Engineer: 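Handing you this structure, nothing more for now.
Chain letters run A, B, ... following the sequence lines, proteins first and then strands; every chain starts at 1. Atoms considered below: every heavy atom in the structure, side chains included; atoms not considered: hydrogens, waters and symmetry mates. Since this is a predicted model, take the numbers as computed values, not measurements.
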Amino acid sequence: MARKPAGGTAAPSNTSKDELLKYYRDMLLIRRFEEKAGQLYGMGLIGGFCHLYIGQEAVVVGLEAAAKEGDKRITSYRDHGHMLACGMDPRGVMAELTGREGGYSKGKGGSMHMFSREKHFYGGHGIVAAQVPLGAGLAFADKYLGNDNVTFTYFGDGAANQGQVYESYNMAELWDLPVVFVIENNQYAMGTSVKRSTKSTSLFGRGEAFGIPGEQVDGMDVLAVKAAGEKAVAHCRAGKGPYILEVMTYRYRGHSMSDPAKYRTREEVQKMRDERDSIENVRDLLLQGKHATEDELKAVDKEIKDIVNDSAEFAKESPEPALEELWTDIYASDLPQGSAEENA
Amino acid sequence: MATEILMPALSPTMEEGTLAKWLVKEGDEVKSGDILAEIETDKATMEFEAVDEGKIGKILIEEGTQGVAVNTPIAVLVEDDESVDDVQVSAPPAQQPAAEKSAEPAPAEAEAPAPERDISPDWPEGTEMKTMTVREALREAMEEEMGRDETVFLMGEEVGEYQGAYKISQGLLDKFGPRRVVDTPISEIGFTGIGTGAALAGLRPIVEFMTFNFAMQAIDHIINSAAKTLYMSGGQMGCPIVFRGPNGAAARVGAQHSHDYAAWYAQIPGLKVVMPYSAADAKGLLKQAIRDPNPVIFLENEILYGRSFEVPDLEDFTIPFGKARIARAGKDVTIVSFGIGMTHALEAADKLAEQGIDAEVIDLRTLRPLDYATILESVKKTNRCVTVEEGFPVASIGNHISAHIMENAFDYLDAPVINCTGKDVPMPYAANLEKHALITSDEVVEAVKKVTYK
Ligand SMILES: Cc1ncc(C[n+]2csc(CCOP(=O)(O)OP(=O)(O)O)c2C)c(N)n1
Ligand SMILES: [Mg+2]
């Protein structure tokens, strides 16, 4: 089946070989990591809820390419891809999935609740849309502190129907908060398709009522995502307030590991994979532009596979947290290092 | 006709104020809207406007007077041809008219009234039983009630086409159609408010929360709109609605998806709170909840959904609220529990039996109304009590029961009541930590040994 050529807003010729290779590598890392996580879940090493990001890789990789050091990100429970894309250590993420001491939350958070102050990753939130006002709040802090950081606040098409999103829009625009609202429209909220949850299906367009500009972006095209991200970020950094990106994407796997996914056909999924896959798109660009040979890409594949296997090994070997951990981190005796000062 | 101008109440809490300044004098003509005086309340200085037209006949309270009680006449307004001397000034009013004192003190309990202790069997003896899971029991209860009553409908996330996130509503869309099985967007406060409005208008909604963790988004409508409206409307606006879904810890779903809300909702006058353990109770109590004219919080448990129990094979049966079940009779100690806590209570009772301790286990089944009588009667017999629940220790159901026993059966107690609860920490994800955060039957055994001094 022929894939539509990648492209859209950003012409491939503008993009250097190194850049393309980086996107390829970053997206592949997420995909292989998630496949491994699915496998460990099947083996009983990961428990509870586990929401895979497979299919949506171009969204975070494209937007991270538009970010600078100091920018923040926050998302829902479907958070593994965001963490890897912003440079968090695959070992620490995988070990959190297995609930071990070496995990980002010492095993206490799990798949849905991981954080990294160092990488400005603010979670990992289990309540649909709760991260949206939180993200606006992160941006509020940056504006208050007078720096030029931007916050990427990711949420789903389903989350877009929560009232708190619109209260956040109103205040973010009212106060010109530097926040990019990223709607990852993967077309389903669990088993509910967008058109079964709203008649106002232009999700980015809902910002208009609040005066927030926005646009729809092809989320299977990492270059298009990056270009849109740059535009949004420039708007925020210029002090013009929030921006909305509705990134059209698709999740290949079920909502979580326990989703029978009867609400869509296998053909629908297969068609996306065959025709629109973001990783295959970049791979084509690399090969067609003679930026890389099959052998070079094979070497990248191998490198990624090693990183992922290493993270899985680490996640299995890392011990369970000490029982004393049950009673720690309930109250802080002081603000953790690097809260407000770090951003100033 | 002369009119008295009374000291106004200018804030909800004002009982008296200072008449700071008169802006009119005797003989002045005033019309409505004119500012008569400045009055200092407990919060601010306010301008006091005239309501009626007329002439200031007499100023009764000089400016600068402090502590002028609300409703004290402060001036007299006369019509043009009237003389001030004709005016009779009434005495300052007494304090607030006291409500009629009744001889009986008001009942201290504001809870849904618990019936007299009901010790009748839940279903006739000799009833045929069938085995079914809690999941099937809940589904059957909804199916039967939707069949009985056209005003009953189900709404929530994924209840229809997806067949229920936990498959409780399996098949209901096919049977009753989309008018009565309504898929909602992820908009908890919105659909909870809509459900509550529909109930106020006379329908009988069943609102399913995918889990009760997400009902925190909607708790304002549950409490401020559903639970209080009957009271606020002087009994006019009943709200027959059931809020149901899984509550408490499932397995390894972390801090935001594992909360037990039993004690939260049980605190609210106006709500009824049900938390079944067995399939028979799940079915009989859900049917009762759907028929109840009040908002009912129906707390299920994901881990129990797949467990099988014996359920009476009857065309129709309900279980009344406020009737605990003695799940196991015994004489040495009373263990009180409900919901998933019963698993640990019963397991502990088995272990204790091996050690020669004969425990009586009470399943409360409903937390509001609460069957105090059954607890007290048992404690008067065993003289010892341990409570078991999954929720947090502070302000737990166990705390409340302990207080009640202390007030009403203090002299019968041979040991302090012990409350076994979940640990006072957010639910950790790691398997080993989660196990420690949750209540276990061994902890219950320990507690029983303590109260029996074994
Ligand atoms: C307030 C709340 N309601 C319901 C849920 C259960 N739930 C978890 S994810 C989800 C679907 C969300 O869909 P979407 O926002 O499109 O994000 P996606 O999963 O597609 O990334 C639901 C209903 C929840 N976690 N929080
Ligand atoms: Mg979605």
Engineer: If I compare all heavy atoms of B:Glu158 with all of A:Ala189, which pair ends up nearest, and what's the gap?
Structural biologist: OE2-O, 2.9 Å
Engineer: For the pair B:His257 and A:Phe49, name the ring-plane relationship: parallel under 30°, tilted 30 to 60°, perpendicular over 60°.
Structural biologist: perpendicular
Engineer: Please check this pair: side chain of B:Glu161 against backbone of A:Tyr263, looking for a donor-acceptor N/O pair closer than 3.5 Å.
Structural biologist: no
Engineer: Which one, A:Arg196, A:Lys262, A:His255, leads in non-hydrogen pairs under 4.5 Å with chain B?
Structural biologist: A:Arg196
Engineer: Give me the atom names and distance for the closest heavy-atom approach of B:Ala430 to A:Gly99.
Structural biologist: CB-O, 3.4 Å
Engineer: What residue in A:Gly48, A:Ala130, A:Ser111 has the most heavy-atom pairs under 4.5 Å with chain B?
Structural biologist: A:Gly48
Engineer: Please state whether the side chain, the backbone, both or neither of B:Met216 comes within less than 4.5 Å of a heavy atom of chain A.
Structural biologist: neither
Engineer: Please check: side-chain N/O of B:Tyr429 versus main-chain N/O of A:Leu97, any donor-acceptor pairing under 3.5 Å?
Structural biologist: yes
Engineer: Between A:Ser105 and chain B, with a heavy-atom cut-off of 4.5 Å, which part of the residue counts as in contact: side chain, backbone, both or neither?
Structural biologist: neither
Engineer: So which of A:Gly103, A:Pro321, A:Gly158 has the largest heavy-atom pair count under 4.5 angstrom toward chain B?
Structural biologist: A:Pro321
Engineer: For A:Asn161 versus B:Ser187, what's the shortest heavy-atom pair and its separation?
Structural biologist: O-OG, 2.7 Å
Engineer: Among B:Ala165, B:Pro428, B:Gly190, single out the residue with the greatest number of heavy-atom pairs under 4.5 Å to chain A.
Structural biologist: B:Pro428
Engineer: Applying side-chain contact (heavy atoms from CB on, under 4.5 Å) to A:Ile127 and B:Phe214, what does each step give before you reach the verdict?
Structural biologist: CA-CA 7 Å; A:Ile127 302 301; B:Phe214 315 138; 3.7 Å; yes
Engineer: Would B:Tyr162 and A:Asp259 satisfy side-chain contact (heavy atoms from CB on, under 4.5 Å), going step by step from the backbone distance to the final call?
Structural biologist: CA-CA 10 Å; B:Tyr162 198 83; A:Asp259 173 19; 2.7 Å; yes
Engineer: Using non-hydrogen atoms and a 4.5 Å limit, figure out which bit of B:Ala437 sits close to chain A: side chain, backbone, both or neither.
Structural biologist: both
Engineer: Quick check: closest heavy atoms across A:Met112 and B:Val253, and the distance to 0.1 Å?
Structural biologist: CE-O, 3.2 Å
Engineer: Can you tell which part of A:Ala322 gets under 4.5 Å to a heavy atom of chain B, answering side chain, backbone, both or neither?
Structural biologist: backbone
Engineer: Looking at A:Ser197, A:Gly126, A:Gly163, which has the largest count of heavy-atom pairs under 4.5 Å with chain B?
Structural biologist: A:Gly126
Engineer: So which heavy atom on A:Gly47 is nearest to which on B:Arg252, and how close?
Structural biologist: C-CB, 4.0 Å
Engineer: How about B:Gln170: does its CD atom have over 12 heavy atoms from other parts shown lying under 6.0 Å from it?
Structural biologist: yes
Engineer: Less than 4.5 Å apart, any side-chain heavy atom of B:Gln256 and any of A:Tyr77?
Structural biologist: no
Engineer: Which is it for A:Thr192 and B:Asp183 under the side-chain contact (heavy atoms from CB on, under 4.5 Å) test, yes or no, and what are the steps along the way?
Structural biologist: CA-CA 9 Å; A:Thr192 303; B:Asp183 276 322; 5.6 Å; no
Engineer: At a heavy-atom distance under 4.5 Å, which candidate from A:Lys108, A:Gln164, A:Gln162 has the highest pair count against chain B?
Structural biologist: A:Gln162
Engineer: Quick check on A:Glu35: does its CD atom have over 12 non-hydrogen neighbours (other residues, nucleotides or ligands) under 6.0 Å away?
Structural biologist: yes
Engineer: Counting only heavy atoms closer than 4.5 Å, note whether B:Gln217 contacts chain A via side chain, backbone, both or neither.
Structural biologist: side chain
Engineer: Taking every non-hydrogen pair under 4.5 Å, which of B:Asn213, B:Ile186, B:Ile189 racks up the most with chain A?
Structural biologist: B:Ile186
Engineer: Specify which of A:His113, A:Glu96, A:Glu320, A:Glu325 makes the most heavy-atom pairs with chain B at under 4.5 Å.
Structural biologist: A:Glu320
Engineer: Which atoms of A:Leu323 are under 4.5 Å from chain B, going by heavy atoms: the side chain, the backbone, both sets, or neither?
Structural biologist: both
Engineer: Please report the closest heavy-atom contact between A:Leu326 and B:Val425, naming both atoms and the distance.
Structural biologist: O-CG1, 3.2 Å
